[in-house]
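The structure under discussion appears below in the form of structure tokens.
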Protein chains: 2
Amino acid sequence: MAARHEEIADELRRAIDREEYTVGSRLPAETDLAAHYGVSRGTVRQAVAALTAEGLIGSRQGARRVVLASRRSQSFAELRSFAQWARAMGREATGQVIAQEYRPATAEDAVRLQLRAGTPVLHVLRVRGLDGEPVLLERTVYADWISPAVEPIEPDCPSVTQRLYDDTGLVFAYGEHVIDAVAAGAQDADLLSVRRTSPLLRVRRVTTTREGRPVEWSDDRYRSDAVSFSVHNSMDNNALARKTAE
Amino acid sequence: MAARHEEIADELRRAIDREEYTVGSRLPAETDLAAHYGVSRGTVRQAVAALTAEGLIGSRQGARRVVLASRRSQSFAELRSFAQWARAMGREATGQVIAQEYRPATAEDAVRLQLRAGTPVLHVLRVRGLDGEPVLLERTVYADWISPAVEPIEPDCPSVTQRLYDDTGLVFAYGEHVIDAVAAGAQDADLLSVRRTSPLLRVRRVTTTREGRPVEWSDDRYRSDAVSFSVHNSMDNNALARKTAE
DNA sequence: GTTGAGAACTTGTCTGAACAAGTTGGCCCC
DNA sequence: GGGGCCAACTTGTTCAGACAAGTTCTCAAC
């Protein structure tokens with residue numbers, strides 16, 4: 001948090017949060033903000049661009065910016081880490097590894113993780129819960145180069161993301177999430193304490209490093225009575241896409 | 001498409017699409033691009049910022065930008081309009097209104113559409129299909145001020161979005177989508193030609209104008225064997241958030 | 001060969017200025 | 001009171017330059 005424009009974006013976010021600028025009200029003009037913070041207009045524009053991308057404020061040429069919402073979307077870190085998300089809500093995350101083994105990468109694994117087929121990759125089946133109640137079943141495949149760091153982690157570690165960062169400095173930078181619905185199978189039903197054929201929200205995701213190298217891919221199934229996902233988007237900024245089944 | 005930086009962003013997108021820059025390769029330096037297009041570095045930065053937000057290229061201070069993916073995400077217009085999306089895939093969109101009536105706004109409607117409870121709002125139940133096969137059931141509520149423009153539209157109009165734009169100049173600028181899974185009810189099953197209790201992907205969305213005024217909200221149910229959603233995000237740009245059921 | 005220091009390169013941040021394009025509010029006239 | 005026009009205001013776009021901070025490559029020393 002060195003950059004001045006990030007500091008200003010943060011101050012504006014907080015001001016909106018504590019309703020100094022209420023929803024529907026107009027933000028000061030760029031020149032006023034620039035004078036107030038003692039920076040140039042370009043720097044202010046970088047700050048407000050961030051808030052616009054988050055959907056906190058709307059903007060039209062010629063008119064003052066308008067505050068659209070107060071609660072801001074989660075950070076990528078919070079989305080990535082189940083434990084961090086739970087903590088932010090004041091809930092306790094639990095986790096338990098059910099099975100863990102090396103298998104040769106299938107063709108699908110190879111494509112998703114950019115490896116050669118047959119490379120041994122680490123499969124982990126993990127149940128995650130909030131305050132003890134199971135809500136998520138994770139079937140994760142880790143790339144060969146990170147597997148050695150994942151393998152020794154104890155089965156009930158609440159935050160794998162945190163552990164990998166502490167141990168290896170690994171940070172997740174990009175994610176691609178494909179979302180659909182499936183009926184719970186026998187194993188799903190058992191581990192999530194729901195009836196068979198209950199609808200589950202399935203999120204298949206690939207996470208990569210800053211350089212774009214895939215680290216892991218996962219088939220996550222959420223109890224749809226416990227968890228949902230929300231996406232905010234706009235004309236300028238659209239991360240959501242509809243897809244047909246292949 | 002007047003702005004130079006948008007033109008440049010588009011040219012770069014196309015160049016990546018036709019694999020002039022292949023995935024994994026490095027983009028020319030900002031100064032080179034600036035010289036090539038005859039603009040300043042600031043303008044180039046605006047262009048590449050757009051591609052970075054879309055997840056097409058990755059970027060680290062000090063190192064040249066890297067091409068991460070080739071297929072670009074859909075525009076907001078394509079997400080908003082079922083018909084436009086279908087056309088982009090070379091499929092034909094069909095639509096049929098099953099029921100349409102005015103009802104007084106419930107408390108929930110009032111909150112979502114920013115109206116007073118009791119205001120008459122237009123409810124529309126619509127089935128959408130691809131090449132004749134039903135894939136989506138839309139239960140939409142339109143705000144009172146747009147209802148008069150929606151009401152006279154013929155029941156089998158393939159693109160309501162297009163009609164509203166042509167007739168009233170209305171453009172949708174922001175969207176909030178909440179995604180979860182539900183079991184098909186009797187009506188859902190009937191209209192979508194699936195068995196009862198099949199898993200459906202539910203997308204509850206609110207769409208607003210450029211000024212942040214809500215236009216409509218909708219409960220969309222997709223056949224999960226036909227359609228899924230994908231979200232691309234990053235540390236800089238995260239539109240996706242996990243939520244607990246209230 | 002390996003290592004380490006350093007130079008060259010590249011992206012990130014910020015400034016100050018200018019003009020274009022769109023919105024808003026007030027004033028005058030009818 | 002209503003309508004229309006204009007001036008003031010505000011955001012969008014672009015430029016040229018400067019320095020900071022991180023990466024990559026080269027080359028000399030060991």
Side-chain angles (χ1 to χ4, degrees), chain A residues 1-12 21 24-53 55-68 169 171 173-174 209-213 234-237, chain B residues 1-12 21 24-53 55-68 169 171 173-174 209-213 234-237:
Chain A
M1 182 59 58
R4 194 78 182 97
H5 69 86
E6 285 187 35
E7 285 177 18
I8 294 172
D10 244 41
E11 285 194 45
L12 290 174
Y21 303 117
S25 71
R26 292 190 290 185
L27 227 54
E30 287 176 3
T31 48
D32 294 344
L33 288 173
H36 180 265
Y37 290 111
V39 298
S40 75
R41 193 161 77 98
T43 304
V44 168
R45 284 182 65 77
Q46 275 185 278
V48 294
L51 303 210
T52 305
L56 253 52
I57 60 182
S59 137
R60 290 146 66 210
Q61 182 173 153
R64 292 254 291 277
R65 271 171 239 269
V66 175
V67 179
L68 294 179
V171 293
Y174 298 97
T209 65
R210 245 195 285 270
E211 294 83 29
R213 181 139 87 132
S234 68
M235 285 197 304
D236 298 331
N237 195 294
Chain B
M1 183 59 58
R4 194 78 183 94
H5 69 85
E6 285 186 34
E7 285 177 17
I8 294 172
D10 244 40
E11 286 194 43
L12 289 173
Y21 304 117
S25 70
R26 292 191 289 185
L27 228 55
E30 288 176 2
T31 47
D32 294 345
L33 288 173
H36 180 266
Y37 290 112
V39 299
S40 74
R41 193 161 77 97
T43 304
V44 168
R45 283 182 65 77
Q46 281 187 76
V48 295
L51 303 209
T52 306
L56 252 53
I57 61 182
S59 144
R60 292 146 67 210
Q61 182 172 156
R64 292 254 291 277
R65 271 171 239 269
V66 175
V67 179
L68 294 179
V171 293
Y174 298 97
T209 65
R210 246 196 283 270
E211 294 81 29
R213 180 140 86 133
S234 70
M235 285 198 305
D236 297 331
N237 196 291

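Chain letters run A, B, ... following the sequence lines, proteins first and then strands; every chain starts at 1.
- With D/dT24, C/dC14, D/dG12 as the choices, the nucleotide that has an atom nearest any side-chain atom of B/Arg60 turns out to be D/dT24.
- The side chain to side chain contact (heavy atoms under 4.5 Å, CB included) test applied to A/Ser25 returns A/Tyr21, A/Thr22, A/Val67, not counting sequence neighbours.
- Between B/Ile57 and A/Tyr174, the closest heavy-atom pair is O-OH, 4.2 Å.
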Contact list (N/O, under 3.5 angstrom) for nucleotides 3-8 of chain C vs protein:
none

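- One N or O donor and one acceptor, one from the side chain of A/Arg41 and one from the base of D/dG12, sit under 3.5 Å apart.
- Going from atom CG of B/Leu12 over to atom CG of B/Leu56 covers 9.5 Å, rounded to the nearest 0.5 Å.
- Side-chain atoms of B/Ser59 lie closest to C/dT11 of the nucleotides C/dT11, D/dG12, C/dT13.
- Under the salt bridge (charged side-chain N to carboxylate O under 4.0 Å, His left out) criterion, B/Arg213 pairs with no residue at all, not counting sequence neighbours.
- Nucleic acid contact class of B/Arg45 (heavy atoms, under 4.0 Å, all strands): base.
- Every residue two or more places apart in sequence or in another chain that forms a side chain to side chain contact (heavy atoms under 4.5 Å, CB included) with B/Ser59 is listed here: B/Arg65.
- Residues meeting the salt bridge (charged side-chain N to carboxylate O under 4.0 Å, His left out) test with B/Arg64, sequence neighbours left out: none.
- A straight line from OH of A/Tyr37 to C1' of C/dT13 spans 18 Å, rounded to a whole angstrom.
- The distance from atom CD of B/Glu6 to atom CD1 of B/Ile8, rounded to the nearest 0.5 Å, is 11.0 Å.
- One distance of note links OG1 of B/Thr43 with CG of B/Leu33; it measures 12.0 Å at 0.5 Å rounding.
- In terms of the side chain to side chain donor-acceptor pair (under 3.5 Å) criterion, A/Ser234 has no residue partners (sequence neighbours excluded).
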For nucleotides 8-10 of chain D, print each protein N/O atom paired with a nucleotide N/O atom at under 3.5 Å, atom names and distance only.
{"residue": "D/dT10", "atom": "OP1", "partner": "A/Arg64", "partner atom": "NH1", "Å": "3.2"}

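- Here A/Ala35 pairs with nothing under the side chain to side chain contact (heavy atoms under 4.5 Å, CB included) rule; sequence neighbours left out.
- With sequence neighbours excluded, no residue satisfies side chain to side chain contact (heavy atoms under 4.5 Å, CB included) with A/Gln61.
- Side-chain contact between B/Tyr37 and B/Arg4 is present, with heavy atoms from C-beta onward closer than 4.5 Å.
- The interatomic distance linking A/Arg4 (CZ) with D/dA21 (C1') rounds to 19 Å, in whole Å.
- Scanning for salt bridge (charged side-chain N to carboxylate O under 4.0 Å, His left out) contacts around B/Arg26 gives an empty result, with sequence neighbours left out.
- Each end of the helix from C/dG1-D/dC30 to C/dC30-D/dG1 yields a helix axis from five base pairs, and these two axes differ in direction by 10° (to the nearest 10 degrees).
- The nearest whole Å value for the distance from the CD1 atom in A/Ile8 to the C1' atom in C/dT13 is 12 Å.
- Between the side chain of A/Arg26 and the base of D/dT11, no donor-acceptor pair of N or O atoms lies under 3.5 Å.
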What N/O pairs connect the protein and nucleotides 4-7 of chain D at under 3.5 Å? Give each pair on its own line.
none

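- Distance B/Gln46 CD to D/dG12 P: 10 Å, rounded to the nearest Å.
- The phosphate of D/dC15 has OP1 or OP2 within less than 4.0 Å of a side-chain N or O from B/Thr43.
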